[in-house]
Structure formats: C-alpha cells, structure tokens
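Quick notes on the structure that follows.
Proteins get letters first, then strands, A, B, ... in listed order; numbering begins at 1 in each. As the structure is a prediction and not an experimental result, all values here were calculated from the model.
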Amino acid sequence: MIDIRLLREDPDRIRAAQKHRGESVAVVDALLSADDRWRSTIAAYEHLRAEQKSLGKQIPRAQGEQKQTLLARTKELSAQVKTAEAAQNEADREFRELAMALPNLASPEAPVGGEDDFVVLEEIGTPRDFAAEGFAPRDHLELGTLLGAIDVERGAKVSGARFYVLTGIGAQLELALVAASIAKATEWGFVPMLPPALVKPSAMEGTGFLGQAADDVYHLPKDDLYLVGTSEVALAAYHGDEIFDAETLPLRYAAFSPCFRREAGSYGKDTRGIFRVHWFDKVEMFTYTTVEESDAEHQRLLAYEKEWMTALGLPFRVVDVAAGDLGSSAVRKFDCEAWIPAQGKYRELTSTSNCTQFQSRRLDTRVRRAGRTEHVATLNGTLMASTRTIIALLENHQQPDGSVLVPEMLQPHLGGRTVLEPIT
RNA sequence: GGAGGUGUCGCAUAGUGGCCUAGUGCGCCCGCCUGCUAAGCGGGUUGAGGAUGAAACCUCUCGCGGGUUCAAAUCCCGCCACCUCCGCCA
C-alpha cells in the first residue's frame with residue numbers, strides 16, 4: 001500500500017512510478033477523488049457523533065419536559081449518525097480497495113521496460129567450455145537419474161506433473177544445502193526460523209500475493225488458508241501489528257520452508273526435470289529495517305547471495321530487473337542467474353527485493369523513532385532454492401562419466417564426500 | 001471433535017448501562033528536593049485519524065465484527081486467540 005500523504009502531496013510521483021511500470025496512471029485520479037469523498041464523509045460523521053455525545057451527556061441530569069425534548073432530538077440524531085457512519089464506511093472501503101490494488105512505487109533506478117529489459121550488472125565466474133573438455137554436458141535430469149538423486153516419474157505418479165522425489169544422494173544433497181545455507185546465514189547474523197507454510201488470508205494479502213499473482217497461489221477453501229509460495233509471507237506477517245523500538249532494527253531472519261506454486265500460465269514452459277515445479281524447499285533471508293537503510297540492506301542481501309553462489313562454485317550473473325517485471329510489492333529487484341550448461345543460458349536462482357513500506361503498511365508493522373511511529377521497510381532475498389540449486393550444481397560440476405564434484409563448502413555436510421558417483 | 005473458563009493502557013489489576021473524559025499500583029520519562037544515589041514530592045506515559053498556516057479542537061480505539069439503546073468496557077449474537085478437562089492423533 002502507498003502512503004496517503006504522498007498521494008495528497010505529490011500525486012505526480014505516483015503517476016511517474018506507474019508510468020515507469022507501464023501501468024495505469026488513471027488510478028491516481030480515482031484514488032484522489034476517493035480520498036476526497038472519504039474525508040468529507042468522515043467529517044460529516046464526526047460532527048454528528050460529537051453532537052450526539054454532548055447531548056447524550058445531558059440526559060441523565062435533565063428532568064421532565066426538557067428530558068423528553070432531549071430524548072426526541074438524540075433519537076433523531078442516532079439515526080443520522082448511523083447513516084453517516086455507513087456512508088463513511090463505504091467511502092473508506094472504496095478508497096482501500098483502490099489503494100490496495102496499487103503496486104509499490106517502482107524505483108526510478110530500476111531499468112525501464114518489461115521482462116526482457118533487465119540490465120546485466122555483472123558476470124561472476126566463467127562457464128565451463130565443455131567442447132574444449134571434449135564432452136557434451138548432460139542435463140540435470142539425466143545426471144540426477146544416473147546418480148539415483150531425482151525421480152520425476154514417480155513424483156508424477158504420486159502427485160502429478162511438476163512434482164518430483166529427491167532420492168538417496170539427492171535427498172542428502174538438499175539437506176546438506178539447507179544445513180550449509182542456514183549455517184552461513186547464522187554466521188552473518190540472521191536468526192534461523194522455521195515458519196508455517198500454511199497462512200491466513202491476511203498474511204497473503206499483506207505481502208501482496210493476492211493481487212496479480214493470485215492465480216499462482218494455492219488456496220484451501222475448506223479452511224480458508226493459503227500455501228505459501230515463499231516463507232517471506234510468514235516472516236512478513238510474523239511482526240504484523242507490532243511497534244518496534246528503534247534499537248531492535250535491523251532485524252534479520254533466515255527461514256527454511258517448503259514453497260508451493262501453481263505455475264498457472266506456464267504450461268509447456270520448462271517441463272523437463274525439476275526446474276519449474278509446484279513444490280520446492282527454500283531458505284529465505286528477510287530483513288526489517290528503516291526506509292533510509294533499505295537500499296544499503298538490499299545491497300547487503302545481494303552480497304550474501306553472491307557470496308553463497310560463489311562458494312558453490314557456480315558461474316552466474318547479476319541482473320537488475322526492469323520496472324515492468326518487479327511484482328507488486330518491490331521497488332527494485334536483483335536476480336542472480338546461474339549458468340545452466342545443458343540449456344546454454346543463465347537462469348534465475350535467487351532474487352532479492354526491496355519492498356520498502358508496501359508490506360508493512362498492509363500488515364501494520366512500525367518502529368518508534370524520536371517519539372513518532374513510522375512503517376518499517378521489509379526486504380527479502382533467496383539464499384538457497386533447493387531444486388534450482390541442485391540443477392546448477394549437478395550440471396556445472398559434472399564429469400564425463402556422469403559423476404559430480406562436491407563443492408568444498410558442502411563436503412562437511414555430506415560426510416566428507418568429494419564426489420557423487422553414478423549408482424550401478 | 002466435545003465441555004467449561006478467560007480476553008481492559010508496556011505489565012498487574014478495578015470497573016454489571018450515563019459522575020469512564022477508563023481508576024489504581026508497578027515500570028518508564030520529565031521536573032523538584034539532594035554532595036551523589038535511593039526514598040519522598042509534582043507532572044507526564046496506547047495507537048490511529050479528521051480539521052488548522054500551526055494550535056486549541058473533534059472522532060475512533062477496553063481481542064475482532066455486528067446488534068439492542070437517546071447512551072455500551074458493561075447487555076445480546078457471531079468470530080478469533082489463550083487456558084483447563086475429555087476424546088483422537090505424529
């Protein structure tokens with residue numbers, strides 16, 4: 001949600017941000033007039049209510065005819081107050097509906113354009129030259145099958161398309177990745193968290209996932225609960241309706257949770273293997289801080305992601321996502337895309353967003369500073385998304401015989417193993 | 001799933017329809033007193049919103065939402081959370 005004061009004082013900034021995203025500018029005028037309506041209805045209601053209260057106070061002391069007159073007048077007022085209150089509620093509802101639909105203000109620094117208009121900020125590491133090495137790289141599914149690590153056929157048997165089972169060394173590999181990433185995050189000062197993957201509508205709404213992303217979210221109608229697509233949802237809602245003391249910020253969490261995505265509208269895309277699936281596990285970083293600190297914190301989260309990818313020995317590039325592809329809650333977003341040899345492309349492995357006050361306004365998470373309260377900034381960033389990390393590891397570290405070298409950092413978490421061997 | 005209980009200001013508690021503009025204690029903040037500290041004394045201490053150049057001012061906020069009433073922390077209905085017991089279960 002945006003700041004009502006900003007809407008009143010500088011609507012042009014919101015118009016510019018909308019334009020930057022390639023979205024409607026007209027909603028700003030609709031919001032302004034809804035705000036006008038709301039303000040006049042609330043003034044009318046409060047005026048009537050004040051009169052009702054002051055007259056009502058005289059009633060117990062009044063006698064006889066005077067009392068009857070007062071009672072008649074307040075009875076009349078009572079009805080008027082009720083009408084005015086209903087009008088005020090309706091105007092408030094209309095305004096909120098419009099305001100909740102508005103995305104966060106895109107940062108002017110985010111590149112102009114849509115999905116394909118990202119800017120590559122840097123490339124780290126060099127993709128292997130398999131031709132020079134004299135063999136064609138196998139893709140992750142082939143490797144996963146050789147290693148006895150990935151079973152998509154039985155995943156489909158059990159749960160349907162876009163499901164998989166990690167088996168044997170595949171299961172151990174994920175657990176090692178989780179342990180290693182949580183260990184890193186803890187070392188960096190993040191508090192490890194295991195939040196629920198099932199959340200209330202308010203948590204989903206508060207993080208902005210029931211807007212344009214609603215089709216991608218699993219809903220359990222019988223209980224009116226949602227399956228999270230990321231633990232960001234639970235972590236953002238975790239401190240909802242709270243007011244922090246200034247010195248408790250920044251607050252950094254690293255959560256492990258399963259993630260569920262319907263992948264509506266991606267039929268036929270990335271159908272092979274476990275690249276695009278309905279469920280995967282993820283370790284996510286999440287920060288509560290002040291708006292002023294949020295850009296620096298965003299860079300910090302990005303730096304952690306880079307450090308992690310580098311420790312895994314993955315060649316990758318960092319991408320500055322264009323304004324039109326930000327999603328509703330972010331003002332700016334950086335993706336780390338790892339080189340996937342079998343695809344010959346860089347693909348998204350991690351993503352970090354600065355959501356400034358968008359989520360904290362909806363969830364009402366504030367900080368008390370200098371005697372005032374203000375909404376905090378929230379930021380999130382992937383540390384380790386299991387399936388895609390496994391894909392990148394297998395493909396980038398494969399050898400001609402189908403074995404896979406284990407990056408040094410993971411070895412202690414795999415009982416000292418340095419190489420994963422095909423099963424016979 | 002069944003039965004019962006509880007939900008008031010940071011914490012503890014008072015409050016059974018109008019003197020509640022929510023009292024008191026603790027904690028916290030400011031001041032006085034004091035060589036310093038403590039004690040003592042005085043004042044302040046939820047959050048949000050409207051109006052204004054700024055204020056004074058006004059409205060909402062007693063878990064949440066509705067209702068009854070001229071008037072609701074208080075009465076009624078629904079929901080939520082927590083506690084106790086029973087059943088079931090990893």
Side-chain angles (χ1 to χ4, degrees), chain A residues 1-10 31-100 194-206 220-226 234 237-249 251 257-258 288 290-291 357-376:
Chain A
M1 199 156 71
I2 46 102
D3 185 353
I4 301 181
R5 276 189 201 109
L6 181 70
L7 173 74
R8 289 171 188 162
E9 284 160 22
D10 194 4
L31 268 167
L32 281 168
S33 76
D35 181 45
D36 267 351
R37 272 200 306 283
W38 175 69
R39 279 200 276 181
S40 63
T41 55
I42 199 164
Y45 159 72
E46 286 183 0
H47 180 79
L48 284 167
R49 177 75 178 139
E51 190 180 351
Q52 181 193 33
K53 282 176 72 173
S54 83
L55 290 185
K57 246 172 244 170
Q58 299 170 28
I59 288 174
R61 279 174 280 137
Q63 294 293 323
E65 199 180 319
Q66 198 193 4
K67 185 161 191 167
Q68 292 313 308
T69 316
L70 269 175
L71 279 174
R73 173 69 187 131
T74 47
K75 186 152 199 170
E76 197 180 306
L77 262 175
S78 172
Q80 290 174 7
V81 165
K82 208 160 276 186
T83 310
E85 190 181 12
Q88 187 262 117
N89 284 338
E90 176 60 15
D92 181 65
R93 197 191 56 77
E94 280 173 22
F95 178 82
R96 287 189 89 71
E97 202 167 286
L98 285 169
M100 289 292 268
L194 293 171
L198 224 43
V199 299
K200 299 201 282 187
S202 56
M204 222 55 188
E205 182 78 58
L220 279 59
K222 200 170 174 185
D223 302 283
D224 200 16
L225 290 171
Y226 291 89
Y238 186 64
H239 286 297
D241 295 318
E242 292 182 26
I243 303 176
F244 295 117
D245 290 323
E247 59 272 18
T248 60
L249 299 182
L251 208 48
S257 86
Y288 291 90
T290 59
V291 180
Q357 298 173 311
F358 180 85
Q359 297 176 333
S360 66
R361 279 211 190 84
R362 297 166 157 240
L363 294 162
D364 209 15
T365 309
R366 288 167 290 170
V367 57
R368 202 188 321 269
R369 284 207 297 173
R372 308 183 137 269
T373 64
E374 64 184 47
H375 288 98
V376 300

Please produce a list of atom pairs where a protein N or O lies less than 3.5 Å from an N or O of nucleotides 63-68 of chain B.
{"unit_1": "B:rU68", "atom_1": "OP2", "unit_2": "A:Lys82", "atom_2": "NZ", "d": "3.3"}

Neighbours of RNA chain B within residues 68-79 of chain A, by heavy-atom distance under 4.0 Å: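 Contacting residues: A:Leu71, A:Thr74, A:Lys75, A:Ser78.
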
Short side-chain to backbone donor-acceptor contact, A:Gln88 and A:Tyr45, under 3.5 Å: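 Checked: no pair found.
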
Under 3.5 Å donor-acceptor, A:Arg369 side chain and A:Glu374 backbone: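 Here the side-chain-to-backbone pair does not exist.
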
[X] side-chain proximity, nearest of [options]:
X       : options                : answer
A:Pro60 : B:rA71, B:rG50, B:rG18 : B:rG18
A:Lys53 : B:rG50, B:rG18, B:rC60 : B:rC60
A:Ile59 : B:rU59, B:rA48, B:rC70 : B:rC70
A:Tyr45 : B:rU59, B:rG47, B:rA51 : B:rU59

For A:Ile59, all residues meeting side chain to side chain contact (heavy atoms under 4.5 Å, CB included), sequence neighbours excluded: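 Partners of A:Ile59 by the side chain to side chain contact (heavy atoms under 4.5 Å, CB included) criterion, ordered by chain and then number, come out as A:Lys67, A:Leu70, A:Leu71, A:Thr74.
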
Measuring only the [atom1] atom in each nucleotide, how far is [N] from [M]? A whole number of Å is fine.
N      : M      : atom1 : result
B:rG23 : B:rC29 : P     : 22 Å
B:rG50 : B:rA56 : P     : 15 Å
B:rC76 : B:rC28 : C1'   : 40 Å
B:rG31 : B:rA81 : C1'   : 42 Å
B:rC9  : B:rU46 : P     : 12 Å
B:rC26 : B:rG7  : P     : 24 Å
B:rU21 : B:rU59 : C1'   : 14 Å
B:rC62 : B:rA3  : P     : 29 Å

When you compare the side chain of [Y] with that of [X], does any pair of heavy atoms fall below 4.5 Å?
X        : Y        : value
A:Val376 : A:Gln357 : no
A:Arg93  : A:Asn89  : no
A:Val367 : A:His375 : no
A:Leu220 : A:Tyr226 : no

Atom [atom1] of [X] to atom [atom2] of [N]: distance rounded to whole Å?
X        : N      : atom1 : atom2 : value
A:Glu46  : B:rC58 : CD    : P     : 11 Å
A:Ile42  : B:rU52 : CD1   : P     : 14 Å
A:Asp3   : B:rA48 : CG    : C1'   : 14 Å
A:Arg366 : B:rG10 : CZ    : C1'   : 15 Å
A:Met1   : B:rG49 : CE    : P     : 10 Å
A:Asp364 : B:rC60 : CG    : P     : 20 Å
A:Glu242 : B:rG47 : CD    : C1'   : 14 Å
A:Asp92  : B:rU59 : CG    : C1'   : 14 Å

Look at the side-chain N and O atoms of [X] and state whether any lies under 4.0 Å from the OP1 or OP2 oxygen of [N].
X        : N      : value
A:Arg39  : B:rG49 : no
A:Arg49  : B:rG50 : no
A:Gln52  : B:rC70 : no
A:Arg368 : B:rU45 : no

Nucleotide opposite [N] in a Watson-Crick or G-U pair, distances under 3.5 Å:
N      : answer
B:rG4  : B:rC83
B:rC75 : B:rG67
B:rU24 : B:rA12
B:rC19 : none
B:rG49 : B:rC58
B:rG40 : B:rC32

By the 4.0 Å heavy-atom rule, please label [X] as base, sugar-phosphate, or nothing.
X        : answer
A:Arg372 : nothing
A:Arg361 : nothing
A:Lys57  : nothing

Gap separating the CZ atom of A:Arg73 from the OG atom of A:Ser78, nearest 0.5 angstrom: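 Atom-to-atom, A:Arg73:CZ and A:Ser78:OG are 11.5 Å apart.
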
ring-ring contact (aromatic ring centres under 6.0 Å, His included) involving A:Phe358 - partner list, sequence neighbours excluded: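 Partners of A:Phe358 under the ring-ring contact (aromatic ring centres under 6.0 Å, His included) test: none.
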
Could you pull out every donor-acceptor pair under 3.5 Å between side chains of residues 237-246 of chain A and any protein atom, sequence neighbours left out?
{"unit_1": "A:His239", "atom_1": "ND1", "unit_2": "A:Glu242", "atom_2": "OE1", "d": "2.8"}
{"unit_1": "A:His239", "atom_1": "NE2", "unit_2": "A:Tyr253", "atom_2": "OH", "d": "2.6"}

Residue pairs, two or more places apart or on separate chains, that pass salt bridge (charged side-chain N to carboxylate O under 4.0 Å, His left out) and touch residues 36-50 of chain A: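 Every salt bridge (charged side-chain N to carboxylate O under 4.0 Å, His left out) pair that includes a residue of residues 36-50 of chain A, provided the two are not neighbours, is A:Asp35-A:Arg39, A:Arg37-A:Glu94.
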
Contact nearer the 5' end of RNA chain B, comparing A:Asp35 with A:Lys200: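 Looking at the nearest nucleotide for each, A:Asp35 comes out on the 5' side.
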
Considering all heavy atoms, the nearest A:Ser202-A:Leu363 contact: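 Smallest interatomic distance, heavy atoms only, reads O-CD2, 3.8 Å.
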
